[in-house]
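Quick note: residue numbers are just sequence positions, from 1.
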Amino acid sequence: MAKKEKLDPETEALIKWCTEVETFLVAAGATLAQAQDHIEEQVEWFTDQFYDGLTPEEAANEALL
């Protein structure tokens, strides 16, 4: 069995943040799969939003524009 790598705290925070963005995208009408696909396709943009200090709700709203 492969050992699980420990993620650094910053990466863990980004993943948690993206998971929260998903919930706002789903609340706006996307399916979970659509929300996940969109975040994966636009990962650099979402990462920038995270480091710019946007809340998950703000990032989701920007993504929906």
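Counting only distance, with no hydrogens or angles, the side chain of Asp8 and the backbone of Glu10 share a donor-acceptor pair below 3.5 Å.
To the nearest 0.5 Å, the span separating CD on Glu40 from CZ on Phe46 amounts to 11.0 Å.
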Using atom types as modelled, flag every donor-acceptor pair under 3.5 Å from a side chain in residues 23-37 to any protein atom, sequence neighbours excluded.
unit_1, atom_1, unit_2, atom_2, d
Thr23, OG1, Glu20, O, 2.5
Thr31, OG1, Gln34, N, 3.0
Thr31, OG1, Gln34, OE1, 3.4
Gln34, OE1, Thr31, N, 2.8

Side-chain donor/acceptor pairs under 3.5 Å, residues 58-65, sequence neighbours excluded:
unit_1, atom_1, unit_2, atom_2, d
Glu58, OE1, Thr55, N, 2.8
Glu58, OE1, Thr55, OG1, 3.4
Asn61, ND2, Glu57, O, 3.3

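Follow the hydrophobic side-chain contacts under 4.5 Å out from Val43 and you never reach Tyr51; the two are in separate clusters.
Nearest heavy atom pair, residue Ile39 against residue Glu22, reads CD1-CG, 3.5 Å.
Under the rule for a ring pair (Phe, Tyr, Trp, His ring centres under 6.0 Å), the partners of Phe50 that lie at least two apart in sequence or sit in another chain are Trp17.
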